[in-house]
Undergrad: 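Below is the structure I would like to discuss, written out as structure tokens.
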There are 2 protein chains.
Amino acid sequence: MVRTSKKKKPVSITVSLVEDIDDIREGLADLINGYDEFRCIGSHRTGAEALREIPREKPDVVLMDINLPDLSGIECVRRLKAEYPDLQIMMLTMYEDSEQVFQALAAGASGYLVKRTPPGQLIEALREVHQGGSPMSMQIARMVVDSFHHMGPARDETANLTPREEEILSHLAKGLRYKEIADTLFISVETVRSHLRRIYEKLHVRSRTEAVVKYLRK
Amino acid sequence: MVRTSKKKKPVSITVSLVEDIDDIREGLADLINGYDEFRCIGSHRTGAEALREIPREKPDVVLMDINLPDLSGIECVRRLKAEYPDLQIMMLTMYEDSEQVFQALAAGASGYLVKRTPPGQLIEALREVHQGGSPMSMQIARMVVDSFHHMGPARDETANLTPREEEILSHLAKGLRYKEIADTLFISVETVRSHLRRIYEKLHVRSRTEAVVKYLRK
DNA sequence: CTCACAATCCCCCAAACGTGTGCATTTTTG
DNA sequence: CAAAAATGCACACGTTTGGGGGATTGTGAG
């Protein structure tokens, strides 16, 4: 919408809140409005209300709680993001359960703070998320980073495959049949089969499915 | 940051550097030693040297460049982490290429800063990584968070499967044959086949491999 | 120059798979 | 309750796959 910003506030960042506990919500609004740089233009206590009002408010940033009375904050993020992919949403929640964190990020949240974050850091995080960053509490960031580490330790048996064999395997993993692989690579079905035999040997598997599973797990 | 209380702990955080450019390395050492809280106990120009010396130094935190003359900083991280899983390593590099970021994190890095990070923030990041956080430059954090987002949108077609069908599919995804699935579930091969037929319909696939791929993608 | 190995191709055969058609029990659900 | 879905089973047919033999070329290490 047309935001006829006046001269005195040329660059204030607009924020909308979604939080069911009145005290917290009002505290946040006061905090945010205490900075010239920010303006709290929305305050919602339910997910449904947020879904209805936020499209009208078009805030720069949404501060979203996870535990809402109706739908979860995660679902709320998912729907808002589906409609407005450029909307920046920061989760602000009590818990740091790993499942919730990953689901919230997968739903499209751009930041994730725990509620005990000091006010100053929260403001700094709002600034950051608006600038294209992804502020996270220390523990959250570590969880996220660790998730990359932990998904590697299973030794990669596909490492011994030749480039050609990997190519064949990648097509196999797309569900193509021998004939189809042969056609896309301009080789004969027999060649595909020879490669597959060696691939199975190297991966210690005896069926295409087992091979694909190993391939997708790396 | 308000940690500058009177009862300052006598134990300082030890840091070791791995960086091939002399000026930068020395600048970093000076910066770090400028704080009572930190002590730079190692300074290495190559990955090989780092691999050899760091085990002796046993620093609290390693600051690692990616572009090294011999092996890459990523490989260096991988090997150090394999030997000393509790070692905290922070990447400090010029580039923010997504491939390098993800590979570094997968290798076990706990933080990732770009070199243009102001000195004060670098020191703060060292503090944070030592406290169990994962400091990242703004853009890096956003890339990492986005990687979760882009991973989810594919709607889950397996949702319409009945419990029994999911059970069958899960066994199929382990690479079991019809007969093996039939035996473990105490049903006939024909029943397995009729389930599979319905699963294929629901998932819009026409082979076990395609079905397994869809199954593993959720 | 051997020797190994990747990459290509061929044949045979039996087992496994995908699909069509049909039907009998439960269980779920409108 | 009656309809709909889920679960179980069977037979038939053609296709695909996995495993067993080979063979030929090009390339690169020793």
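Naming: A, B, ... by sequence-line order, numbering from 1 per chain. Both backbone and side-chain heavy atoms feed into the values below; hydrogens, waters and symmetry mates do not.
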Undergrad: Round to a whole Å and report the spacing from CG of A:Leu185 to P of C:dA7.
TA: 12 Å
Undergrad: Considering residues at least two apart in sequence or located in another chain, which fulfil the side chain to side chain contact (heavy atoms under 4.5 Å, CB included) criterion with A:Arg52?
TA: A:Glu49
Undergrad: Give a yes/no answer on whether the side chain of B:His195 brings an N or O atom under 4.0 Å of OP1 or OP2 in D:dA6.
TA: no
Undergrad: Report the distance from atom CD1 of A:Ile199 to atom P of C:dA7, rounded to the nearest whole Å.
TA: 10 Å
Undergrad: So, using side chain to side chain contact (heavy atoms under 4.5 Å, CB included) as the criterion, who are the partners of B:Glu165 when residues are at least two apart?
TA: B:Leu161, B:Thr162, B:His195, B:Arg198, B:Ile199, B:Lys202
Undergrad: For B:Lys115, what residues pass the salt bridge (charged side-chain N to carboxylate O under 4.0 Å, His left out) criterion, not counting sequence neighbours?
TA: B:Glu19, B:Asp65
Undergrad: Name all pairs fulfilling the side-chain hydrogen bond (donor to acceptor under 3.5 Å, both in side chains) condition that reach into residues 128-140 of chain A, sequence neighbours left out, sorted by first residue then second.
TA: A:Ser134-B:Arg142
Undergrad: Could you check whether B:Thr191 gets within reach of a base, just the sugar-phosphate, or nothing at all, counting any heavy atom under 4.0 Å?
TA: base
Undergrad: Given axes from five pairs at either end, by how many degrees does the helix from C:dC1-D:dG30 to C:dG30-D:dC1 bend, rounded to 10°?
TA: 60°
Undergrad: With sequence neighbours left out, write down each residue that passes side chain to side chain contact (heavy atoms under 4.5 Å, CB included) with B:Ala82, or none if nothing qualifies.
TA: none
Undergrad: Show your working on side chain to side chain contact (heavy atoms under 4.5 Å, CB included) between A:Val77 and A:Ile74 and close with a plain yes or no.
TA: CA-CA 5 Å; A:Val77 169; A:Ile74 291 172; 5.7 Å; no
Undergrad: It should be established whether B:Thr162 places a side-chain nitrogen or oxygen under 4.0 Å from OP1 or OP2 of nucleotide D:dA5.
TA: no
Undergrad: I need the CD-P distance between B:Glu167 and D:dT7, as an integer number of Å.
TA: 9 Å
Undergrad: Taking the side chain as every heavy atom from C-beta outward, state whether B:Tyr112 and B:Val144 have any pair of such atoms under 4.5 Å apart.
TA: no
Undergrad: Below 3.5 Å, can you tabulate the donor-acceptor pairs from side chains in residues 179-186 of chain A to any protein atom, sequence neighbours excluded?
TA:
| unit_1 | atom_1 | unit_2 | atom_2 | d |
| --- | --- | --- | --- | --- |
| A:Lys179 | NZ | A:Asp183 | OD1 | 3.3 |
| A:Lys179 | NZ | A:Asp183 | OD2 | 2.8 |
| A:Glu180 | OE1 | A:Arg177 | N | 2.8 |
| A:Glu180 | OE2 | A:Arg177 | NH1 | 3.2 |
| A:Thr184 | OG1 | A:Glu180 | O | 3.3 |
| A:Thr184 | OG1 | A:Ile181 | O | 3.0 |

Undergrad: Rounded to the Å, how far apart are A:Glu201 CD and D:dG21 C1'?
TA: 14 Å
Undergrad: If the sugar-phosphate is the primed atoms plus P, OP1 and OP2 and the base is the rest, what is the B/S/- string for nucleotides 16-25 of chain C, using protein heavy atoms under 4.0 Å?
TA: SSBBBB----
Undergrad: Could you list the residues that satisfy side chain to side chain contact (heavy atoms under 4.5 Å, CB included) with B:Pro69, not counting sequence neighbours?
TA: B:Asp20, B:Thr46
Undergrad: Take the protein atom CD of B:Glu180 and the nucleotide atom P of C:dA15, then report the distance between them rounded to whole Å.
TA: 15 Å
Undergrad: Measure from CD1 on B:Ile187 to C1' on C:dT26 and round the result to the nearest Å.
TA: 15 Å
